[in-house]
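Quick one: structure below, then a few questions.
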Amino acid sequence: MSFIPYGRQFIDGADVQAVVDVLKGDWLTQGPAVEAFEKAFAAKVGVKHAVAFCNGTAALHGAYYAAGVGPGDRVVTSPLTFAATANAARYLGADVRFVDVDPTTLCLDPSKLDPLASEGLKVIAPVSYGGYPAPLDQIIPFARSLNAVVVEDACHALGAGRNGRMVGAEADMTVFSFHPVKHITTAEGGMVTTDDDEFARRLRLFRSHGIERDPSRMSRCDGPWYYEMVDLGYNYRLSDIHSALGLSQLSKLDGFVEARRRIAERYDRLLSGIHLVELPPSHSGHSYHLYPIQVPEELRFSLFNLLRDSGVGVQVHYLPVHMHPYYRNLYGFDPEDFPNALDFYRRAISLPMFPSLEEEQQERVVKVIREFMTRRA
Ligand SMILES: *Cc1c(COP(=O)(O)O)cnc(C)c1O
């Protein structure tokens with residue numbers, strides 16, 4: 001029986017041709033394809049600016065930089081995320097604070113945000129976990145009251161909707177990743193969207209060595225060759241090769257999201273009658289990067305192994321960030337410090353979720369779960 005991964009890219013002939021065309025042209029590094037991808041991405045999301053980065057982690061780093069994060073500042077995020085959401089704040093010398101998730105949304109619980117504990121707060125980085133749009137309605141006013149910037153980590157949530165807008169249009173800045181398991185891929189790649197001209201300018205500065213080329217912003221200008229470095233930036237640029245793939249992938253986004261929603265509905269239906277299986281939270285704007293079920297803690301390990309042995313590439317997303325040795329050692333965290341994230345971690349299994357997942361494959365996955373649960377009941 002063939003192995004079913006938990007996620008995988010969908011690449012067609014048009015994608016391949018788009019990359020080949022760039023390879024035959026004049027520009028390989030950041031050039032016209034990057035600009036075209038950024039323009040199309042901004043238009044799709046419904047924002048003024050989209051700034052491409054070489055991966056989602058670099059994009060997070062850039063967004064925190066643009067927000068003005070520096071040594072000693074605080075960045076608040078959810079413990080239920082990929083470590084990069086927190087790491088990018090550490091790159092800038094900031095301190096990370098976690099706020100536990102709401103078990104019904106699996107996103108940062110806004111009712112746990114505490115103004116008294118928010119001294120030095122620079123950024124709140126809610127994570128739209130699994131593609132469920134994080135509750136910005138409550139987070140944005142809290143951030144405004146403390147002059148903090150909202151950077152949404154929407155690496156799971158391209159194509160998701162909230163309040164009649166696309167995810168990416170509401171936070172001060174929104175970060176996306178184009179890793180192959182995400183909604184669209186450029187192999188490695190990332191993007192930050194924003195309506196703010198100053199954030200966009202700082203994002204562009206940061207991704208290219210901190211180099212300024214606008215004469216009106218330079219300390220002097222010695223001639224047409226002249227540029228100067230005004231802050232310490234990085235080489236975080238995306239190439240034209242990657243961007244051509246991204247632009248071609250973006251034209252298929254609506255279909256990808258529809259397929260993911262259809263697959264989620266089918267899982268919901270097939271799994272709903274099974275004893276002790278909890279379904280992921282639903283939301284009309286959900287774009288389903290992941291489909292995480294929860295089962296009783298004492299059954300998770302054996303069900304996970306049985307699925308793997310049956311050729312189903314299940315995964316657990318994620319070990320909560322505060323439990324990684326780096327963060328435990330840095331801040332002295334106890335696993336129980338964020339009990340909802342811990343509880344989810346102990347019970348979660350991400351089922352296969354990708355646009356080309358076939359009905360027959362889904363039924364195979366569910367059959368393993370049903371038979372296992374029936375034996376335990
Ligand atoms: C994938 C991901 C990232 C990092 O993206 P890369 O492109 O792999 O660097 C950050 N945050 C979350 C929640 C992610 O899923």
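Both ligands and their constituent atoms are indexed starting at 1 by order of listing. Heavy-atom basis, side chains included; hydrogens, waters and symmetry copies ignored.
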Self-check item: ligand 1 atoms in contact with T81 (distance to a heavy atom under 4.0 Å)
Solution: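 Answer for ligand 1: 13 (C).
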Quiz item: To which of K182, H156, H317 does the heavy atom nearest atom 1 (C) of ligand 1 belong?
Solution: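 Considering heavy atoms of K182, H156, H317, the nearest to atom 1 (C) of ligand 1 sits in K182.
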Practice problem: Enumerate the atoms of ligand 1 whose separation from the nearest heavy atom of S177 is less than 4.0 angstrom. | Solution: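 The list of qualifying atoms is 1 (C), 5 (O), 6 (P), 7 (O).
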Quiz item: Can you tell me if D231 and Y65 form a side-chain donor-acceptor pair at under 3.5 Å?
Solution: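 Result is yes, a qualifying pair exists.
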Quiz item: Taking N or O atoms only and a 3.5 Å limit, does E188 qualify as a polar contact for ligand 1?
Solution: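 Min N/O separation from ligand 1 is not below 3.5 Å for E188.
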Self-check item: Polar side chain donor-acceptor pair, N55 to H179, under 3.5 angstrom
Solution: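 No donor-acceptor contact under 3.5 Å links the two side chains.
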Exercise. Enumerate the atoms of ligand 1 whose separation from the nearest heavy atom of T57 is less than 4.0 angstrom.
Key: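 Ligand 1 atoms under the 4.0 Å threshold to T57: 4 (C), 5 (O), 6 (P), 9 (O).
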Quiz item: What atoms of ligand 1 come closer than 4.0 angstrom to any heavy atom of T85?
Solution: 11 (N)
Quiz item: atom 11 (N) of ligand 1: which protein heavy atom is closest, and how many Å away?
Solution: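 Minimum-distance protein heavy atom for atom 11 (N) of ligand 1 reads D153 OD2, 2.8 Å.
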Quiz prompt | Test item, Y318 contacting ligand 1 (heavy atom, 4.0 angstrom) | solution =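 Flag set, Y318 near ligand 1.
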Practice problem: Output the list of atoms in ligand 1 that are nearer than 4.0 Å to some heavy atom of G56, sorted by atom number. | Solution: 5 (O), 6 (P), 7 (O), 9 (O)
Quiz prompt | For the student: nearest non-hydrogen atoms of V127 and S78, plus distance | solution =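 It is CG2-CB, 4.4 Å.
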Quiz item: Do R260 and S287 get their side chains close enough for a donor-acceptor pair, meaning under 3.5 Å?
Solution: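 The criterion, which ignores hydrogens and geometry beyond distance, is not satisfied for S287 and R260.
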Self-check item: Pair T194, D196: side-chain N/O donor-acceptor within cut-off below 3.5 Å
Solution: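 No, D196 and T194 have no side-chain donor paired with an acceptor closer than 3.5 Å.
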